[in-house]
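Worksheet: one structure, shown below.
Bear in mind that the values here come from a model prediction, so they are computed numbers and not experimental data.
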2 protein chains.
Amino acid sequence: MANLKDVAKRAGVSTATVSRVINGDSRVQMDTQHKVQKAIKELNYRPSRVAQRLRSKGKESKLIGLVLPDIENPFYVDMVKGIELAAYNKGYSVIIGNFSQNKARSEMYIDILKAEGVNGFIVAPVNNDDQKVTELVKSGYQVTCVDRDIAGVEVDVVKVNNEEAAYGAIKHLIDLGHRRIGHVGGQWDIPTTKARLAGYKRALLESGIPVEEDLIITRSSDFQSGVESTNTFLDMEHPPTALFTGNNLLTLGALRAIHARELHIPKDIAIVGFDDMYWSESLNPPLTAVHQDGFEIGRRATELLLNRMVEPDRPCIKVIMDAKLKIRKSCGTESPSAANDQS
Amino acid sequence: MANLKDVAKRAGVSTATVSRVINGDSRVQMDTQHKVQKAIKELNYRPSRVAQRLRSKGKESKLIGLVLPDIENPFYVDMVKGIELAAYNKGYSVIIGNFSQNKARSEMYIDILKAEGVNGFIVAPVNNDDQKVTELVKSGYQVTCVDRDIAGVEVDVVKVNNEEAAYGAIKHLIDLGHRRIGHVGGQWDIPTTKARLAGYKRALLESGIPVEEDLIITRSSDFQSGVESTNTFLDMEHPPTALFTGNNLLTLGALRAIHARELHIPKDIAIVGFDDMYWSESLNPPLTAVHQDGFEIGRRATELLLNRMVEPDRPCIKVIMDAKLKIRKSCGTESPSAANDQS
DNA sequence: CACTTATTTGTAAGCGTTTTCATAAATATA
DNA sequence: TATATTTATGAAAACGCTTACAAATAAGTG
C-alpha cells in the first residue's frame, strides 16, 4: 500500500501538504491540490487509520466502540444497524464487542476497545452502578449509554420508558380480563428487567390485583430461560392465563414451550412480549408486543456521541423514547370485559 | 493512560525491556521481569493496540476484519458468534462491516478495514467473481471466505453444500406428494442463491417433474421480498402446494404473507425453509428447515484464517460442511404417498 | 523603496510501540 | 590472566501520519 511519502514524492510536494489536502485544509493552492489529488488517485492511496489514530490521540480517531449486551437479540441488532448507519455516514468505523449479558466479558471488551484507541463508547451498562462504565466516564472517555441508564455519573442516555411500557402491556392484558398473569423476566440485575417488573407490579396493584410472587420468575435473559420459566408456569396447578415475557428471546422461548405442549394461543394462554420483531406478524398468531425502535435508539445515541466529541462540555442529554404496544392477536380480542375493575 | 515509557521509568528499565517482558521474550532476567510486571500492575498499563499495529505492520496486528452480508439474518449472527469466540480466544479483535447484501457497501467496508490495518479478512463474496475480494487476495492479504466461494483465485473457504441441501429439502416435499413447489429465492447473483436453485431443479427433474419458470422467483434476499414473492404465488390461479424459501428472512416473509391470508400450514400450503433458526420450534407449526451450523462455520473459518497467518504458504483448504434437513411440522406428516414416483 | 502582513509550502518532532544493533556484564576457554 | 563467548540490557530508528514552527514568496502600506 502506498503511503503519504509516496504520494508526496509523486506530486512533488512535502508530506505536510499532502496531509493538508487530505484533511481539507483550505490554505493549499488550487493547483497543488489538484496535483496531490491526481497522485492520490494514481497510487490508489488511502490514509492509514492506524497512523492517524496514533498520531492524533483520541481527537480524530474515527472509531467508535460498541459494547453490546446480546447480538442474538433482534432488538440489539436493530440498534447496531442504526449505529452503523449514523457512524459510517460521518466517516466513523464501529467495533463491536458482544458480551452476551456477561459482566466479565463486558469488562474485557471495554479494555480491548480502550486499547484499540476508540474515540468514544456506546455502552449498555450491565447494571445500574456498573463500575467499569463509571470509571470510563470518569477517566474522560466520551460515553453514551443505550437501553440502560447508570447512576452516580453524568452521561448521555438513549432509552425507552420501560416501566411505563410494561405497565401498558399488563394493562392491556387486564383489560382483556386476565387476572393471573405470569411474568417471564430476564436477569434480575439488569436495569431493564427491574423497570419492566416494576411496571408489571404497578399495573396489577392499580387494578386491585394482588402481586403473587410465584407468578414472577426472573432468571436469565436468554432463549433457554424463556423455555424453562414458561414450563414452570405451565406445570403449575393453576397456570396463569397470560404471560408477559421480558424480552425477545424470552418470548421466543415461551412460544416454544407453549407449542411443544400444543397449547393454543390465546385460547389456552395469552402472551404479550416486550420487544417487537419485524417478523412478529410472521408468527401464528401474530404476536402482541411492546415495540421499541432499536434502529432509532442506535441512531440517536450515535448522534449524541458524535456531537459530544465536538462539544465535550455540553450538559448531558437523556433521551427517553416512547415504546408502543402493538396489539395483534396473541392476547385474544374479546372486548375488555373487566375494564372497569381498575381502581 | 499510562504508556510504555511510564512503565519503564517506574520499573527503572528501558522501554525495550518492558516491551520484551510484555511479549514474553525469555532472555529477560527473572527479577527484572518481576519489577516490570509490578510496575505494569501498579500503573494498570495496557499496551496500545494502535501503536503495536502501526509498528508491526500487519504481522501482529491482532485484528480481523469481518465483511458480513446481513446482520439481520440469524444465520449470520450465529456465524459472528463463532468468529468472535475463536478470535477473542486467541487475543484477536474483530471489526464487523455489515453490507446488507449491497455490493457498493461491501467494497466500502473492505477499504475501511484495509485502512484499519486488519491482519486478515473473513469475507462472504458478493458474487462468484467478486473483483474486490479477488484483488484483496492478490495483493497479499490473508482471506478466508465463508458461506460463499469465489472463482479464479486460491482461497480458504468454509461453507455448506447448498446444492445438495436444497435437493434434499425438495426431495422431502416431493416424497410428501407435492408436485407444484414454488421457490422463493434470494438475490439472483449470490452464489448460494444459484446453488440452492440448482438443487431445486435437480430434485424436480430427477423425479420427473417439469421445472416451471413461473414457480421460481428470485428477487432480493430480504424479508420484504419474501412477503412479495409469496404473495405473487398465492395470487396465482393454481398456487403451489408447497414453498421452498431460500433463506431465513425469506422464510419469515413468506410466513407473514401466509398468515395474513389466514392460510393454514401445512394443510393449505406447506413450507420448507433454507436456514434453520434456534427458534424454529417456536413457530406454529414448528418449521421444517435446512439447518446449517453458522456458529461452527464461523469458528472453523477463524481457525483457518489464524492458522494461515502463522503458515502463509500452506495449500488452500475448502471445508464443505453438511447441512441437515430438520423435519418438523410445516410440510405435513402424511406418509410419503408419492415416494415411488421418483425416477 | 523599505517594511509589515498575508499566503503558501516545507522541516521536523512526536504519537506508543517493536526491534536491530551496540554495549556491558558475566561466564567460559586456553 | 587475557581472550572469546554468552547473556542481559539499553539507545535509537522506524511504522505513517499530523501539526507547530520556520521559511520563502507575494502583496499591501506609508
Side-chain angles (χ1 to χ4, degrees), chain A residues 1-37 39-40 43-63 91 93 111-112 114-119, chain B residues 1-37 39-40 43-63 91 93 111-112 114-119:
Chain A
M1 282 272 275
N3 61 19
L4 248 205
K5 233 192 216 156
D6 299 331
V7 177
K9 194 185 297 176
R10 179 155 199 131
V13 298
S14 75
T15 60
T17 302
V18 178
S19 174
R20 287 193 187 102
V21 346
I22 288 171
N23 295 294
D25 191 321
S26 57
R27 56 199 178 168
V28 179
Q29 215 142 31
M30 266 310 177
D31 55 336
T32 12
Q33 285 200 32
H34 291 320
K35 271 193 304 189
V36 172
Q37 297 287 13
I40 289 178
L43 293 174
N44 190 24
Y45 166 77
R46 290 200 56 147
S48 156
R49 284 258 174 106
V50 180
Q52 290 182 319
R53 190 164 303 136
L54 177 61
R55 173 55 222 235
S56 27
K57 207 74 204 300
K59 192 145 180 19
E60 277 296 319
S61 82
K62 297 282 188 190
L63 220 209
S93 303
D111 283 336
I112 289 176
K114 270 160 102 176
E116 289 291 353
V118 300
N119 206 313
Chain B
M1 282 272 276
N3 61 18
L4 248 205
K5 233 192 219 159
D6 300 330
V7 176
K9 193 185 297 177
R10 177 154 200 132
V13 297
S14 74
T15 60
T17 302
V18 178
S19 173
R20 287 193 188 102
V21 346
I22 287 170
N23 295 292
D25 191 321
S26 57
R27 56 197 177 169
V28 179
Q29 215 142 32
M30 266 311 176
D31 55 336
T32 11
Q33 285 201 32
H34 291 322
K35 270 193 303 188
V36 172
Q37 297 287 14
I40 289 178
L43 294 175
N44 191 24
Y45 167 77
R46 289 198 57 148
S48 154
R49 284 255 173 106
V50 181
Q52 289 182 320
R53 192 165 301 137
L54 176 61
R55 173 53 222 234
S56 26
K57 207 73 205 304
K59 194 147 180 15
E60 277 297 319
S61 82
K62 298 282 188 187
L63 220 208
S93 302
D111 283 336
I112 289 176
K114 269 160 105 174
E116 288 291 352
V118 301
N119 207 313

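Here CG of B:Asp6 is found 12.0 Å from CD1 of B:Ile40. Values are rounded to the nearest 0.5 Å. Taking CD of B:Gln37 as the reference point, atom CD1 of B:Ile22 lies at 8.5 Å (rounded to 0.5 Å). Atom NE2 of A:His34 and atom CD of A:Gln29 lie 11.0 Å apart (nearest 0.5 Å).
Separating the CG atom of B:Asp6 from the P atom of C:dG16 is a distance of 8 Å, rounded to the nearest angstrom. C:dT9 atom P lies 10 Å from atom CG of A:Asp25, rounded to whole Å. Rounded to whole Å, atom P of C:dT8 lies 14 Å from atom NE2 of A:His34. A:Lys9 has its NZ atom 14 Å from the C1' atom of D:dG16, to the nearest Å. Counting to the nearest Å, the P atom of C:dT19 and the CG atom of B:Leu4 are 12 Å from each other. Atom CZ in B:Arg20 sits about 9 Å away from atom P in D:dT9, given to the nearest Å. Rounded to a whole Å, the CE atom of A:Met1 is 13 Å from the C1' atom of D:dC17. Rounded to whole angstrom, the span from the CD atom of A:Gln52 across to the C1' atom of D:dT19 amounts to 13 Å.
When heavy atoms are screened at a 4.0 angstrom cut-off, A:Ser19 is found touching base atoms of the nucleic acid. Within 4.0 Å of A:Val13, counting heavy atoms only, lie sugar-phosphate atoms of the nucleic acid but no base atom. Across all strands shown, B:Arg49 has no heavy atoms under 4.0 Å from either base or sugar-phosphate atoms.
Nearest nucleotide to the side chain of A:Leu54, out of D:dT9, C:dG16, D:dC17: C:dG16. Closest to the side chain of B:Tyr45, from the set D:dT9, D:dT19, C:dT17, is C:dT17. With C:dG10, D:dA12, D:dA11 as the choices, the nucleotide that has an atom nearest any side-chain atom of B:Thr15 turns out to be D:dA12. For B:Arg55, counting side-chain heavy atoms from C-beta on, the closest listed nucleotide (D:dA13, D:dC17, D:dA8) is D:dA13.
With hydrogens and angles left out, the side chain of A:Arg53 and the base of D:dG16 share no donor-acceptor pair within 3.5 Å.
The neighbour count for A:Lys35 NZ, taken as heavy atoms of other residues, nucleotides or ligands under 6.0 Å away, is above 12.
A close approach under 4.0 Å does not occur between any side-chain nitrogen or oxygen of B:Asn3 and OP1 or OP2 of C:dT17. Look at B:Thr32 and you won't find any side-chain N or O under 4.0 angstrom from OP1 or OP2 of D:dA8.
Nearest-nucleotide positions on DNA chain D for B:Gln29 and A:Thr17 put B:Gln29 closer to the 5' end. Take the nearest nucleotide of DNA chain C for B:Ser48 and for A:Arg27: the residue whose nucleotide is more 5' is A:Arg27.
Ion pairing of A:Arg46 with B:Glu116 is absent here, as no side-chain N (NZ or NE/NH1/NH2) approaches a carboxylate O to less than 4.0 Å.
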